[in-house]
Amino acid sequence: MEYFCYHRDRLGSLPLREELTEAHWSYMDGYEKELIARGPTFAADGETPTGSVHIVDLPDAAAARAFAFDEPNYQAGAFRDVLVRRWRNLLGRTMWEFPGGASGGNRYLVLGLGSGRAADADVPSDRPSDRDDLIAYGPLLSDDGATWLGTAVLLRAPDPATARTVLTADRYADIEVHAWEFGGRR
C-alpha cells in the first residue's frame, strides 16, 4: 500500500535539520526499495526549507505511521506536524523513472485537501505534455482506501500558478503549492 507523508518544518528548525541531515538520509536508506518519491519543499524564496515529502510503499497504516514518526527530524522536534495519508500511484512509477530527470525546470508539490465526491481521480491528459510533466500523481485516501481526502501531485511547471492548475480549484477546501526538488542520495 502506498502512503503520502508530508512533514512540515517547525519555524526556525533549519539548523537542527542541517545537523540531522546524515541521520535523516541514513534512516531513508533503510527504506530505499519502498520509496516512490522524496524531497524537500521550499518557501517562495526557493531556498528556505519548509518541509519534506516522502511517498512510500509499506504494508499498512501502522507501518506508515511508524515510518513518519520514527524519522530523526520528527523525533528531534524539527517538524511541527505530519500529514500521513494512504495514496494511490496513478502513474505506476517512481520519481527516479520520471522521463524529465532529476533536474531542470521548476518542480512543485501541489496538495489539495477535500472531501465528498473524488476530484481529479484520473491522470490529466488535456494536453499531450500533461503526463510528461507529472512526477507523481494520486489521490489521498482514508486508511481503508474507501474515502477520498484529496490529491497530491509532484510535477514540473513553469511557475506556482501553472502548477496549481493541475487540480480542479473548486473541488478542494484548500490547495497548497510548494516549491519542491528531488531528494536523497540517488
Side-chain angles (χ1 to χ4, degrees), residues 2-11 13-14 17 24-25 28 31 34-57 64 67-68 71 73-74 78-114 118-121 123-124 129-141 148-169 171-184 186:
E2 298 144 340
Y3 291 88
F4 174 87
C5 303
Y6 184 39
H7 294 84
R8 296 176 192 268
D9 283 18
R10 185 175 305 281
L11 190 62
S13 67
L14 182 57
R17 283 194 67 186
H24 167 77
W25 284 353
M28 291 302 152
Y31 291 92
E34 291 84 5
L35 284 166
I36 296 167
R38 67 184 285 193
T41 59
F42 297 92
D45 66 9
E47 294 181 22
T48 305
T50 59
S52 191
V53 172
H54 297 93
I55 302 175
V56 62
D57 189 355
F67 167 82
E71 193 279 335
N73 287 299
Y74 180 82
F79 297 126
R80 67 177 167 95
D81 61 58
V82 181
L83 173 68
V84 180
R85 293 285 182 265
R86 194 156 165 195
W87 186 77
R88 188 170 302 121
N89 186 355
L90 296 182
L91 297 176
R93 66 178 184 223
T94 70
M95 73 178 201
W96 298 279
E97 297 166 313
F98 171 59
S103 61
N106 300 319
R107 313 299 174 97
Y108 298 96
L109 161 65
V110 180
L111 182 58
L113 303 176
D120 303 309
V123 176
S129 65
D130 283 346
R131 189 176 178 98
D132 293 342
D133 289 328
L134 296 175
I135 299 164
Y137 187 98
L140 299 170
L141 305 165
W148 176 83
L149 302 171
T151 306
V153 183
L154 299 172
L155 78 157
R156 177 178 55 192
D159 54 62
T162 303
R164 179 181 294 273
T165 66
V166 73
L167 298 183
T168 308
R171 293 291 295 124
Y172 297 88
D174 188 29
I175 296 177
E176 303 173 18
V177 179
H178 304 271
W180 172 83
E181 66 181 36
F182 278 47
R186 292 188 194 202

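Numbers for residues simply follow the sequence, beginning at 1.
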Query raised in the report: Given His24 and Ser52, is the side chain to side chain contact (heavy atoms under 4.5 Å, CB included) satisfied, shown in steps?
Result: CA-CA 11 Å; His24 167 77; Ser52 191; 4.3 Å; yes
Requested in this report: With side chain to side chain contact (heavy atoms under 4.5 Å, CB included) as the test, would you mind laying out the steps for Thr48 and Asp9 before giving the verdict?
Outcome: CA-CA 10 Å; Thr48 305; Asp9 283 18; over 6 Å; no
**Report entry** From CA spacing to verdict: side chain to side chain contact (heavy atoms under 4.5 Å, CB included), Arg107, Ile135
**Finding:** CA-CA 9 Å; Arg107 313 299 174 97; Ile135 299 164; 3.7 Å; yes
Query raised in the report: Stepwise, does the side chain to side chain contact (heavy atoms under 4.5 Å, CB included) test hold for Trp96 with Arg38?
Result: CA-CA 10 Å; Trp96 298 279; Arg38 67 184 285 193; 4.2 Å; yes
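Tyr31 and His54 have their aromatic ring centers separated by at least 6.0 angstrom.
For CZ of Arg8, the number of neighbouring non-hydrogen atoms (other residues, nucleotides, ligands) closer than 6.0 Å is greater than 12.
Taking all atoms of both residues into account, the shortest heavy-atom contact from Tyr172 to Gly112 is CD2-C, 3.3 Å. Minimum heavy-atom separation, Leu90 to Ala121: CD1-O, 3.2 Å. Contact record, Trp148 with Pro139: CD1-CB, 3.9 Å, taken as the closest heavy-atom pair. Closest of all the heavy-atom pairs between Ala179 and Ala43 is CB-O, 4.5 Å. The heavy-atom pair separating Val84 from Ala64 by the smallest distance is CG1-CB, 4.1 Å. Taking both residues in full, the closest heavy atoms of Pro49 and Arg17 are given as CB-NH1, 3.8 Å, listed atom of the first, atom of the second, then distance.
Under a 3.5 Å cut-off, the side chain of Trp180 and the backbone N or O of Leu109 do not form any donor-acceptor pair. Judged purely by atom type and a 3.5 angstrom limit, Asp57 has no side-chain atom pairing as donor or acceptor with the backbone of Glu34. The main-chain N or O of Ala68 is never found under 3.5 Å from a side-chain atom of Glu71 such that the two would form a donor-acceptor pair.
Interatomic distance, Arg164 CZ to Asp159 CG, rounded to the nearest 0.5 Å: 11.0 Å. Note: Leu140 CG to Leu149 CG = 7.0 Å, rounded to the nearest 0.5 Å. Note that the OH atom of Tyr3 and the CD1 atom of Ile55 stand 14.0 Å from one another [nearest 0.5 Å]. In this structure, CG in Leu154 is found 13.0 Å from CG in Asp133, a value given to the nearest 0.5 Å. Here the CG atom belonging to Leu111 is positioned 9.5 Å from the CZ atom belonging to Arg85, to the nearest 0.5 angstrom. From Arg93, atom CZ reaches atom CG of Leu91 across 5.0 Å, with rounding to the nearest 0.5 Å.
The shortest distance between side-chain heavy atoms of Val53 and Phe4 falls below 4.5 Å. Between Phe98 and Phe182 the shortest side-chain heavy-atom distance falls below 4.5 Å. In this structure the side chain of Val166 reaches within 4.5 angstrom of the side chain of Leu134, judged on heavy atoms. Asn73 has its side chain out of reach of His7: every pair of non-hydrogen atoms, C-beta onward, lies at least 4.5 Å apart. Asn106 is not listed as a side-chain neighbour of Pro160, based on a closest heavy-atom distance of 4.5 Å or more. No side-chain heavy atom of Leu35 sits less than 4.5 Å from a side-chain heavy atom of Thr94.
Tyr108 and Thr162 form no side-chain donor-acceptor contact under 3.5 Å, judged by distance and modelled atom types alone.
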